[in-house]
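A note on names: the letters A, B, ... follow the listed sequences, proteins ahead of strands, and every chain is numbered from 1.
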Amino acid sequence: MSSPQGSKPDAQGYRHDLRGYLTGFGLAVVLTVIPFALVAMGDTLDRATVIAVVAGLGVVQLFVHLRYFLHVDFSREEREKVYLLAFSALLLFLMAAGTIWVLVNMNTRMMGMG
Amino acid sequence: MTTDFWRIVFGRLDLGALDFLTAFRDPTLNEIILSGAAWAVILGGLAAVAVLSRYRLWGPLWRNYLVSVDHKRIGIMYIVLAGIMLVRGVLEGVVMRGQQADGLGGGFLSANHYAQLFSTHGTIMIFFMAMPFLTGLINIVVPLQIGARDVSFPMLNSASLGLTVAGAALVMISLVVGAFSTGGWTAYPPYTDSLFQPGPGPDYWLWSVLLAGVGTTMTGINFVVTILRERAPGMTLMKMPMFTWTALCTAILMVFALPPVTVSTAMLLLDRYAGFHFFTNALGGNMMNYANLFWLFGHPEVYILILPAFGVYSEIVATYSGKRLYGYGSLVVATMSIAVLSFTVWLHHFFTMGQDADMNAAFGIATMLIGVPTGVKVYDWMATMYRGRVRMTVPMVYLVSFMVLFVLGGLSGIILANPSIDFQVHNTLFLVAHFHNMLIPGLLFGMLAGYTYWFPKLFGFRLNDRWGYISAWSWVAGFVLVFFPMYVVGLMGMTRRTVAYTNPAYQPWMILSAVGGVFVTVALASLFVQLYVSIRDRAFTRDIGGDPWDARTLEWATPSPVPAYNFAVIPHVHAREAFAVAKEAGLGYQAPPAYADIHLPGDTWMGVILAVFGTAFGFGMIWYMWWLAALSFAVMAVAFIGRALRGDRAGVIIPAAQVAAEHRAWLAAVGRLAPVTREHEQDGINHGVAAPETREVAA
């Protein structure tokens with residue numbers, strides 16, 4: 001939708017794009033400040049919660065970037081990009097999860113030697 | 001003082017590292033072979049320089065090839081590189097066959113020399129023969145098949161080639177200066193860590209693979225974007241020719257599979273250069289993660305190698321059967337399934353490393369699964385041939401041999417996928433036989449078929465058929481003779497990568513295998529004879545119309561040789577086999593209503609800069625000549641970033657009038673030529689215009 005070369009009149013298109021980028025920037029800043037604040041607060045929250053929240057916000061951040069900066073959405077024209085991203089995510093998941101599986105398994109079987 | 005100075009200049013390089021001198025100090029057969037190889041590189045290089053100077057070809061070479069960003073020229077350069085490396089790789093293989101035929105209790109090579117041979121043979125064949133060959137074919141064919149003017153990032157394409165050449169150059173330099181790694185093509189630590197091999201050998205391997213790997217990653221990105229963004233109007237994903245589909249999957253695999261090897265290579269470099277302990281046996285290091293990372297790359301790599309060949313086979317089987325490709329949809333699904341499944345099987349390369357049996361079983365099952373989509377493809381090709389008017393041309397000889405041999409190799413793969421059997425035969429020649437059985441029919445035959453098939457498109461004349469048949473059948477016979485005995489001795493327990501053996505029962509099989517080596521040498525020589533004879537007799541095999549095989553996809557709708565801009569007017573695609581449908585309707589050669597100016601990207605020195613300074617950078621790092629490495633790296637960085645900031649200022653505009661004149665002249669020439677029926681396909685009267693006889697076409 002908010003493609004840089006839209007068919008709308010220039011001024012309107014420009015304002016539309018600007019609004020998109022600024023929204024994205026605002027969200028990205030908020031999503032970055034929260035994790036830093038959580039870590040800076042130190043021991044107020046327990047460690048596991050902080051890690052989970054930071055990781056969760058990281059994933060949200062990912063989608064904000066895709067949506068506002070890379071202009072990927074679920075419209076028909078963008079479908080190829082979505083397929084490609086989903087495919088990439090699948091491959092990365094296979095590689096990361098498989099590596100963790102292999103190495104944890106090896107480590108256990110080496111009885112803590114590794 | 002002066003010694004310190006020279007140590008800074010030359011690092012750890014000294015006269016003892018110059019291999020071409022060793023035979024004079026110690027004239028044994030082992031050293032003579034070592035020095036002979038070094039002399040071959042030096043004299044080969046000098047001969048090339050002499051020929052280029054004698055025929056005043058430096059200027060044309062520079063203008064038309066080295067600085068060109070034309071995807072076809074870059075593709076040709078990739079394939080020339082692959083050809084040079086193929087010669088070295090095959091000859092090394094033949095020397096190894098000779099050694100093992102004589103290996104009962106000794107042989108003529110030292111263990112160290114033999115270890116270098118199998119390390120360079122594997123490294124060269126995978127990274128510097130197979131990869132450049134398929135990258136070259138993809139470069140040449142994909143933009144033509146999708147109706148594009150060039151790739152999305154032409155300068156990056158040249159840069160990728162430059163880095164690949166730099167990697168290959170380092171491997172060639174290792175023949176002349178110093179010794180190569182003895183750690184195999186996988187370079188497992190601790191064989192390659194600095195305690196076991198402090199010398200430059202593993203560093204040659206690491207820097208070659210690192211440079212080429214970065215180049216290949218960039219190629220992958222380039223072709224994913226090209227195929228998704230540059231297709232001609234009307235060409236939906238499901239209207240893409242099958243070769244383009246396999247190229248897309250290969251490019252995706254390149255993007256995702258190359259980073260693990262780049263990372264593991266960089267980690268091993270840190271171990272060796274900076275005292276890190278990623279893969280050492282002490283201080284928390286563990287080489288198991290190297291095996292994991294390497295095969296995380298290594299298995300998808302197998303499919304990077306094989307998928308483009310599958311694409312070639314899909315194209316030629318339809319063309320030479322005079323019939324549309326059977327089961328296009330199932331071939332697409334099979335290709336995509338292979339792309340995903342290839343990331344789920346890497347553990348089968350280290351079944352014996354010590355993980356628990358459940359894990360082995362899971363990856364064993366995944367490995368057997370990947371045979372299913374491959375089987376689907378074989379059936380699709382057979383069904384395409386079924387009731388077709390099959391012409392047994394040279395590419396079809398490769399295809400049919402491939403189908404028989406590849407299925408046999410696949411079956412031995414299913415055997416190996418069972419972890420309990422793998423425990424028995426791992427690290428034996430059974431495994432060596434298996435993967436050569438996959439890669440020679442599954443990669444080399446496909447590439448040679450593609451080379452024969454698309455050659456006239458690039459150069460405007462066909463390759464000689466007689467020498468093509470001789471070469472094809474010699475490859476088949478040689479392959480069978482070399483590798484089938486290895487299955488036998490592998491099951492008898494003969495381990496791979498051993499210079500000599502003590503069991504006399506192996507020797508008859510190893511002699512048979514060495515006889516196969518003779519056939520392989522004949523096959524390789526025939527390829528070069530074929531090229532020579534074809535160039536000499538090119539007047540008789542001229543391809544003017546551009547469609548010598550009555551082919552079906554868009555690249556055959558252009559003149560041969562293809563002009564720099566590919567298509568006079570970008571075609572609108574309405575059908576899967578666009579050109580076959582157009583010919584069927586009698587609309588194969590239409591003059592468009594209007595022509596437009598064509599913008600082409602400008603030449604760039606980037607490829608040359610990266611090739612020269614990439615080689616110098618690697619050489620500096622390998623021999624600890626830090627000044628050379630730093631200087632070369634700075635030149636590459638400044639050139640690359642500078643070019644990125646400056647943009648392409650050398651773009652070319654070809655005026656519409658010139659395009660129109662060239663296109664009309666070609667159409668007129670096509671009109672004057674007599675259409676040729678398929679009976680005369682290999683005769684002198686075939687000038688590239690096919691008589692209509694296609695009956696069944698894909699809508």
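Between B/His574 and B/Lys239, the closest heavy-atom pair is O-CE, 3.3 Å.
Using a 30° and 60° split on the angle between ring planes, A/His65 and A/Phe69 fall in the perpendicular class, above 60°. Ring geometry, B/Phe297 versus B/Phe294: the interplanar angle exceeds 60°, so the pair is classed perpendicular (tilted spans 30 to 60°).
Contact of B/Ala291 with chain A is not made at all, since no heavy-atom distance falls under 4.5 Å. Contact of B/Pro260 with chain A is made through the side chain alone, with heavy-atom distances under 4.5 Å. Looking at A/Leu94, both its backbone and its side chain come within 4.5 Å of chain B, counting heavy atoms on both sides. Using a 4.5 Å cut-off between heavy atoms, B/Asp356 contacts chain A through both its backbone and its side chain.
Most heavy-atom pairs under 4.5 Å with chain B: of the set A/Leu92, A/Leu91, A/Leu84, this distinction falls to A/Leu91. With chain A as the partner, the residue from B/Leu293, B/Leu296, B/Leu347, B/Val255 showing the most heavy-atom pairs under 4.5 Å is B/Leu296.
Looking at heavy atoms from C-beta onward, B/His348 lies out of side-chain contact with B/Leu416 at the 4.5 angstrom threshold.
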Residue pair B/Phe223, B/Ile252: steps toward the side chain to side chain contact (heavy atoms under 4.5 Å, CB included) verdict:
CA-CA 8 Å; B/Phe223 278 93; B/Ile252 293 174; over 6 Å; no
